[in-house]
Amino acid sequence: MTARHSDYPIEKIFLERWSPRSFDGSAVPQADLETMLEAAHWAPSAFNSQPWRFLYAHRGDVHFETFLSCLVPFNQSWAKEAAVLLYVLSDTLPFTDRATGEPAPSLTHGYDAGAAWGYLALQAWRMGYYAHGMSGVDLDSARAALEVPERYVIEAAAAIGRVGDPSSLPEKLQAREVPSGRKALAEVAFRGVFPG
């Protein structure tokens, strides 16, 4: 595995966690998954609204094939070996309007759900599992198949499990089965106004 390096000192977990596509097909016990979900729901959120929702299916469950079918074909080709498929949703109306008692919007529901997903991915890695997030989802199909109400946004999906042998992947993916690098910090973080 390729070692990653940061330009500034950070905790090793941020460098060692990565998103493989090869999974060995072994099960994730429900208690382990619940620990990952527990970590996720301790993420920060605007006014502690906790707008994230997680839908999941274990491999072999009645819902697994449905969850898999909602991914784009490219992701189906490798995610089928994951132990768990998970969809990350966010509630666009997590607040209550004090005057009317009606649900009220949050501008940061997706941001908050992303923080929860990050916590889940790090907890998974700490437990010896890997979580690979995916934007390649047929959103209309997923909304219908997973019966997601309109007020919720399907943010992404994730495959969770133990890393497997890269040779199990389609040939074109085998060479890519290494931890990815990052852009230089100077390309993404700027002191002051947005650079012109």
Side-chain angles (χ1 to χ4, degrees), residues 1-2 4 13-41 43 52-90 110 113-148 152-182:
M1 186 181 323
T2 305
R4 298 198 280 188
I13 189 172
F14 298 110
L15 295 172
E16 293 176 351
R17 187 225 57 86
W18 66 291
S19 302
R21 288 186 177 91
S22 57
F23 290 97
D24 71 2
S26 64
V28 170
Q30 180 66 19
D32 286 358
L33 180 61
E34 287 173 357
T35 295
M36 295 174 217
L37 293 166
E38 178 74 16
H41 99 263
W52 46 78
R53 300 294 184 273
F54 301 102
L55 304 177
Y56 63 87
H58 289 268
R59 198 159 174 262
D61 281 358
V62 65
H63 297 291
F64 189 86
E65 289 303 318
T66 300
F67 277 51
L68 184 64
S69 72
C70 295
L71 301 176
V72 299
F74 172 79
N75 285 337
Q76 289 180 35
S77 73
W78 58 266
K80 66 183 185 293
E81 297 301 327
V84 172
L85 291 177
L86 176 138
Y87 283 78
V88 181
L89 285 61
S90 64
W117 149 249
Y119 277 35
L120 185 148
L122 290 170
Q123 181 64 47
W125 183 88
R126 278 290 230 198
M127 298 169 70
Y129 298 104
Y130 291 82
H132 186 124
M134 299 172 274
S135 62
V137 175
D138 180 334
L139 295 174
D140 292 335
S141 173
R143 181 172 298 281
L146 305 180
E147 302 178 16
V148 177
Y152 293 90
V153 172
I154 300 170
E155 300 288 354
I160 302 170
R162 295 208 186 271
V163 72
D165 186 340
S167 68
S168 67
L169 292 171
E171 190 173 338
K172 65 182 178 182
L173 291 179
Q174 292 177 22
R176 294 173 53 187
E177 192 66 352
V178 294
S180 58
R182 294 294 183 268

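Quick caveat, the model's predicted, so the values are computed rather than measured.
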Q: Answer yes or no: is there a donor N or O on one side and an acceptor on the other, between the side chain of Arg4 and the main chain of Arg17, under 3.5 Å?
A: yes
Q: Decide yes or no for Phe54 and Tyr87: does some side-chain heavy atom of the first lie under 4.5 Å from some side-chain heavy atom of the second?
A: no
Q.
Could you report the tightest heavy-atom contact between Ala121 and Ala131, atom names first, then the distance?
A. CA-CB, 4.2 Å
Q. When rounded to the nearest 0.5 angstrom, what distance separates CD1 in Ile160 from NE2 in His58?
A. 9.0 Å
Q: For residues Met134 and Ala158, report the shortest heavy-atom separation together with the two atoms involved.
A: CE-C, 3.5 Å
Q: Look only at the side chain of Gln76 and the backbone of Leu71, and say whether a donor-acceptor pair between them is shorter than 3.5 Å.
A: yes
Q: Can you spot which of Val137, Val84, Leu86, Leu85 makes a side chain to side chain contact (heavy atoms under 4.5 Å, CB included) with Phe67?
A: Leu85
Q: For the pair Arg162 (side chain) and Gly128 (backbone), establish whether a donor and an acceptor sit closer than 3.5 Å, ignoring hydrogens and angles.
A: yes
Q: Apply side-chain hydrogen bond (donor to acceptor under 3.5 Å, both in side chains) to Ser180 and Arg182, showing your working.
A: CA-CA 7 Å; Ser180 58; Arg182 294 294 183 268; 2.9 Å; yes
Q.
Would you compute the distance between atom OG of Ser135 and atom CD1 of Ile154 and round it to the nearest 0.5 angstrom?
A. 13.0 Å
Q: Measure across Ala145 and Thr66 and return the closest heavy-atom pair with its distance rounded to 0.1 Å.
A: CB-CG2, 3.7 Å
**Q.** Atom pair CE (Met36) and CZ (Arg126), whose distance is rounded to the nearest 0.5 Å
**A.** 14.0 Å
Q: Determine the minimum heavy-atom distance between Ser168 and Ser22, stating which atoms define it.
A: OG-CB, 4.2 Å
**Q.** Spacing of CG belonging to Leu33 relative to CD belonging to Gln123, to within rounding of 0.5 Å
**A.** 11.0 Å
Q: Give a yes or no on whether the backbone of Lys80 and the side-chain of Arg59 come within a donor-acceptor separation of less than 3.5 Å.
A: yes
**Q.** Validation row: Val148, Leu55 side chains within 4.5 angstrom (heavy atoms)
**A.** yes
**Q.** Within 6.0 angstrom of His41 NE2, more than 12 heavy atoms from elsewhere
**A.** yes
**Q.** Results of ring-ring contact (aromatic ring centres under 6.0 Å, His included) for Tyr129 - residues two or more places apart only
**A.** none
Q) Backbone N or O of Glu16 within a donor-acceptor pair of the Trp125 side chain at under 3.5 Å? A) yes
Q. Under 6.0 Å from the six-membered ring centre of Trp78 and within 45° of its axis: does the NZ or CZ of Arg21 meet both?
A. yes
Q: Report the distance from atom CG of Asp138 to atom CZ of Arg143, rounding to the nearest 0.5 Å.
A: 12.0 Å
Q. Between the side chain of Asp24 and the main-chain N/O of Ser26, is any donor-acceptor distance below 3.5 Å?
A. yes
Q. Under the side-chain contact (heavy atoms from CB on, under 4.5 Å) criterion, do Trp117 and Leu120 qualify, and how do the steps go?
A. CA-CA 5 Å; Trp117 149 249; Leu120 185 148; 4.0 Å; yes
Q: Find out whether Tyr56 and Leu37 are in side-chain contact, i.e. whether some heavy atom of one side chain is under 4.5 Å from a heavy atom of the other.
A: yes
(Q) For a quick test of reading the model, state the closest non-hydrogen atom pair linking Val28 to Ala83 and the distance between them. (A) CG2-CB, 3.5 Å
Q. Hey, is CD on Glu147 packed in by over 12 heavy atoms from elsewhere, all under 6.0 Å?
A. no
